[in-house]
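What follows is a set of notes on a single structure, which appears directly below.
Note on naming: letters A, B, ... go to the chains in the order of the sequence lines (proteins, then strands), and numbering restarts at 1 for each one.
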Amino acid sequence: MTSVVRAFRSEVLKFRRWSVLAGAGAMLGASTFIAYLTFHQIASGATGHEMTGLIAAFHTPEGLVAVIGQARSLIIAIALILVSANLAAEWTQGTLRNLLVRQPNRLAWLAGKMLAVVLFVLLSMLLTLAASSTLILILAPGQGVQTTAWTSAEGLRVFAEFLVNEALCLIGVSTLGMLIAVLTRSVASAVGIGLAYILVFEGIIAVVAPQVSQWFPGRVFNTIVGAAVPLVGPTPAQGYPAALLTGVLWIVGFVVVSALALPRQDIKA
Amino acid sequence: MNAIEARGLSKRFGKRAAVDGLTMSIPAGSITGFIGPNGAGKTTTLRLLLGLVRPDSGTAFVLGSPLTQPSRYLPRVGALVEAPAFYPSLSGRTNLEVLARLGGYPGSRVDELLETVDLADRARDRVGTYSLGMKQRLGVAIALLPDPELLILDEPANGLDPLGIIEIRGLLRRLREAGKTILLSSHLLGELEQVTDWLVMLHEGKALFCGPARDLLALRVELVIEARDPARRELVTRIANASGYACTQDDDALRISCAAGFAQILNRQAGEAGVTDLAIQVKDASLEQLFLALVKGDVHDLGRPRIP
């Protein structure tokens, strides 16, 4: 346990890197901007088929989450890049050999590092959603938008449910990023394969074989959030409990495969 | 007592044997030079000793613990393998702190080491702005972090200016005096010759020699033959070439880097050819000459691996 704590504390120091901070900044900036655009469109009376659901939910307790949740795909993509690039960079930069000489227990090192990285991703997400929410809540009165439903007990419950499921989603995406980084051992490959898998491969499978794709990890992690607030993502066809269980199984699977692969690897970087 | 003991250690990458049945021992408290041409298996051997790659066969013990249990000996080992790797956007101090926290060493050790390698003034600057020599010194600081019993250094003088090289040499000697064992891989053979008391010469993954440096140097000599007369020069050159040695002419003398026993052969064959007063001066060969003999394939006279 001491080894894991040491690895965690060591990893925290690396968050000062501009590349890590830039990732968190991009998540915060772009997501807040998307939330602002969505809010501005609805508040200024924009209409359109794709906006119908959002407009209908705007004045309900789900309204705020529906607006700030429009950037979820971006948050997922940035989280995947952050985790996979951060981990794979240890191979690409050659820093892994320094780390494993100081901490030969590879699993303890991976556990400590991933705890820190996932925590960073979750804090970035929390900060992003807090910033988006605050901005929308500040702008709303000026546009004549009532926020009473958003800040009601029901509104806060929806927000909390959304947060918990979004956190689960990002934990799942992070473990997927970890597995890809451990297997590819290169920043370019890890980021490329990760994004191609989530954005392209699963997208194609969803069109070709939707019954199969609903069990795929990217889809499962995404739908558990949609189950809480349908306006921010697809809902799970298999139902929330089944999707949640599948998501947890995927997470366990990614962790187990990573834990089996890393100790068997020759570190040649 | 040996700090490192390897028996038949092998590692293959695909079809290529990077380390091929390596047997060697390195006494505790020595500075051991680890030499061999590129691709001889030096770096793979160091990675095996550090638990970074797993052997296909063979056994090894580092500081008395088996290679299969690196967590038992690595806390007492410091290493700088290949070009030092850092996080370029972090400061030198933070790079060192990352590893200090990971290994559980106090922050005061970081300050101490930055002073030791003369980087205290630039400690807060980003490593990306460091010169190669400064990065090398930071790498040495990382290796010294655990106050190691065994220090493994791969090309520590790479990129250092002459003053930096002298400082490293002094540091190594101080560490040996403090009872540390140092395994030093370097292509600066002149430097190695000055500091090492033990040598391991690697070729194609095998140890061609493992023993006291003076024993290896005694295996090969440089003959200086006074030969103003062109006929004598031709005779000596012919005898040397027939034995597989090249001659170089230096003013009125011929120089031959060869096995220690060749002086007698030359003298005898020259006598048989009617030259009985050949003036042969025998000088100790340098490590560089030995290394050149190795890479040219003239390794037959280095003798069989000497494993104490």
Given that the side chain runs from C-beta out, which part of [X] has a heavy atom under 4.5 Å from chain A: side chain, backbone, both or neither?
X: B:Arg47; result: side chain
X: B:Pro70; result: both
X: B:Tyr87; result: both

- Does B:Phe13 CZ have over 12 foreign heavy atoms under 6.0 Å away?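 Correct, the count exceeds 12.
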- Item | OH (A:Tyr36) with more than 12 external heavy atoms under 6.0 Å |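 No - once you tally the heavy atoms of other residues, nucleotides and ligands closer than 6.0 Å, there are 12 at most.
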- Item | Residues B:Thr129, B:Arg122; criterion side chain to side chain donor-acceptor pair (under 3.5 Å); working and verdict | CA-CA 10 Å; B:Thr129 65; B:Arg122 296 285 308 270; 3.3 Å; yes
- Decide side chain to side chain donor-acceptor pair (under 3.5 Å) for B:Thr32 and B:Ser30; before the verdict, give the C-alpha distance in whole Å, the side-chain angles of both, and the deciding distance to 0.1 Å. CA-CA 6 Å; B:Thr32 297; B:Ser30 67; 3.1 Å; yes
- Note on the structure: Counting heavy-atom pairs under 4.5 angstrom with chain B, the leader among A:Glu90, A:Gln103, A:Arg17 is A:Arg17
- Note on the structure: Counting heavy-atom pairs under 4.5 Å with chain B, the top scorer among A:Lys268, A:Gln265, A:Arg106, A:Arg97 is A:Arg97
- Item | A:Glu166/A:Arg72 ion pair, N-O < 4.0 Å | yes
- Nearest heavy atoms of B:Leu138 and B:Tyr130, plus distance in Å: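 For B:Leu138 versus B:Tyr130, the nearest heavy atoms are CD2-CE2, 4.2 Å.
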- Least distance between heavy atoms, A:Thr128 atom then A:Ile75 atom: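 Nearest heavy atoms, A:Thr128 then A:Ile75: CG2-CD1, 4.2 Å.
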So for [X], is it side chain, backbone, both, or neither that comes closer than 4.5 Å to the heavy atoms of chain B?
X: A:Arg264; value: both
X: A:Glu11; value: neither
X: A:Asn105; value: neither

With respect to chain A, which residue among [options] yields the maximal number of heavy-atom pairs within a distance under 4.5 Å?
options: B:Val81, B:Leu80, B:Leu145; value: B:Val81
options: B:Val53, B:Leu52, B:Thr43, B:Asn95; value: B:Leu52
options: B:Thr44, B:Val77, B:Ile142; value: B:Val77

- Does B:Glu112 reach the side chain of B:Arg109, with side-chain heavy atoms less than 4.5 Å apart? yes
